[in-house]
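One structure is given here, and the rest of the page talks about it.
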Amino acid sequence: MATSVPRGHALVNKQFSTALSAMAVREPTPLTSLTGPMPTHDKAMRKLKQQTTTEMPVVRVDELAKGPGDVVQVDCAHVIKLRPVMGDNNAEGQGASLKYSTKDIYLDMATIPVSAGGKMTAKRTPHSMRQNATAQLARGIPAFRWQRALTFLAGARGSQDGTDWVLPLDTDAQFADMMVNTVKAPTYNRHFVVNGTALTQGGLQLASIATTDALKLAHIDELAALWDEMTIKMSPIRIPGDAAAGDDPIKGILFLDPLVWDAMITETTSNYNLRTFEQNALKRASYDGLSKHPLFSGQPLMWNGVLIRKMQFGIRFNASDAYNYVAVANKLAATETAGTVAAGLSTTHQAARSIFVGAQALAMVSGGNQESEETYSLLESRTNFGRNLELAGEIMGTEDKLRWSLPNSAGDLEATDFGVLVIDSAVRKRSV
């Protein structure tokens, strides 16, 4: 009888992360370029004192890379409201209590197999089947991890599919197993929908989105203003080498859906000159060696402290698609409500979800394979008396959006996606 230790079993070893994320205060594969070190307890405390610390959207949690266990706990320290006691008044026992929120992130293994065929297959073709299979894995493994991360950040898988998508649609019977951790719709305070010239808070508006609700450069100004006024702040990113990070922090990176990007760069609205956006990015990249950072490669745009980049994959919804959102009445617990995308988009338009990430939006948990002690492993197996070859890429790692219950302006603990915000807008559908 085979021995199996499933998730939740008493034998499972739970690791407690030494990493500590600090709630933001008012002042200060893409996976590779977005990743920075998870702050230690010391750095988190420096963050609370408004001292500079390294902060990037994706944080690595490596507690499971060497030891046993399939779950890691990540903690968040709340910013407490301090109150002075004046003169000789009694200060004893009047101190504000330190409070924390915790999150468990689960780890699992994913295997992506590719058949390289048998001896006669290799005989009939001039191509190296082994090299082809290895190249397919080299493309597919990072694509799978980024698509899974993108789905967590967006809070939905969307309807886009094709050979470039390794992660299947959420209607697939194995989708939940592949995600490992639960995909959660954006929290109420981190979900906005284009509504004419405004950004309407909450996903309910997606049921009323119109074909004219395109994301424009003016909405970037609105996003920057909203960022400044958030009660539960998003923390700015701090790219190594950015000399202006202290005085003029980059608020975050706005990843635009490819169709949103294409529409925005051709916009001709008065006072919104695309060249100015490009010049702002080039000027910021010129600080120290910042131009060498991959976030400033290609054609980034920058406006009002927001770095804008084009996404490789799109998260889109068709007219009348089902989706989940958090209603204002359920914002504290983030209980999800089922909605239907506006039928008025018809067959000509889609709703596209763009993603704005600040510091510590996503945790990337890595484990070590027992044989290689590495997160990634290449396996091969011969069958049929050694005549057939099958290769497989093995991934011991997973991702999850960082969400905690944090105090809002009323003092209530409100479920909050810590470092990510989404914006839904209408795009004209293209078909080839």
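Any value given below was found using the heavy atoms of this structure, including those in side chains, with hydrogens, waters and symmetry copies removed.
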Within a strict 4.5 Å, meaning less than it, do heavy atoms of the [X] and [Y] side chains meet?
X      : Y      : result
Val422 : His191 : yes
Phe313 : Gln160 : no
Leu406 : Leu413 : no
Thr187 : Arg403 : yes
Lys310 : Asp262 : yes
Pro236 : Lys251 : no
Val193 : Ile209 : yes
Arg148 : Val180 : yes

Work out which heavy atom in [X] is nearest to a heavy atom in [Y]; give both atom names and the distance.
X      : Y      : answer
Leu204 : Tyr325 : CD1-OH, 3.3 Å
Leu215 : Leu256 : CD2-CD2, 3.7 Å
Pro186 : Ala154 : CG-O, 3.6 Å
Phe144 : Ala110 : CE2-CB, 3.9 Å
Met178 : Pro168 : SD-CD, 3.3 Å
Asp104 : Asp400 : O-OD2, 4.5 Å

Would Trp227 and Lys233 count as a side chain to side chain contact (heavy atoms under 4.5 Å, CB included) if you check the C-alpha gap in whole Å, the side-chain angles of each, and the deciding distance to 0.1 Å? CA-CA 7 Å; Trp227 186 91; Lys233 295 288 292 181; 3.9 Å; yes
To the nearest 0.5 Å, what is the distance between [atom1] ([X]) and [atom2] ([Y])?
X      : Y      : atom1 : atom2 : answer
Leu254 : His219 : CG    : NE2   : 12.0 Å
Ser409 : Met230 : OG    : CE    : 13.5 Å
Arg145 : Leu167 : CZ    : CG    : 12.5 Å
Asp221 : Leu199 : CG    : CG    : 10.5 Å
Arg157 : Leu150 : CZ    : CG    : 9.0 Å
Asp424 : Leu206 : CG    : CG    : 5.0 Å

When Asp417 is tested against each of Lys184, Lys401, Arg190 for salt bridge (charged side-chain N to carboxylate O under 4.0 Å, His left out), which residue passes? Lys401
Using a 3.5 Å distance criterion without hydrogens, assess whether the side chain of [X] forms a donor-acceptor pair with backbone atoms of [Y].
X      : Y      : value
Arg430 : Arg428 : yes
Asn304 : Val306 : no
Ser159 : Arg316 : yes
Tyr323 : Ala185 : no
Glu414 : Pro407 : no
Asn330 : Ala327 : no
Asp321 : Asn318 : yes

Crowded around Arg382 CZ? As in, over 12 foreign heavy atoms under 6.0 Å? yes
Matching residue for Phe255 among Met311, Arg353, Gln312 - test: side chain to side chain contact (heavy atoms under 4.5 Å, CB included): Met311
Do Asn189 and Thr416 meet the criterion of a side-chain donor-acceptor pair at a distance under 3.5 Å? yes
Pairing donors with acceptors under 3.5 angstrom, does anything connect the side chains of Thr200 and Asn195? yes
Before giving the answer on side chain to side chain contact (heavy atoms under 4.5 Å, CB included), spell out for Tyr106 and Thr398 the whole-Å C-alpha distance, their side-chain angles and the decisive distance to 0.1 Å. CA-CA 7 Å; Tyr106 292 93; Thr398 190; 5.8 Å; no
Between Val326 and Thr337, does a side chain to side chain contact (heavy atoms under 4.5 Å, CB included) hold up when you go through it step by step? CA-CA 6 Å; Val326 175; Thr337 300; over 6 Å; no
Could you list all the ring pair (Phe, Tyr, Trp, His ring centres under 6.0 Å) pairs where at least one residue sits in residues 333-353, not counting sequence neighbours? none
Trace of the side chain to side chain contact (heavy atoms under 4.5 Å, CB included) decision for Leu402 with Gln360: CA-CA 7 Å; Leu402 291 176; Gln360 300 171 33; 4.2 Å; yes
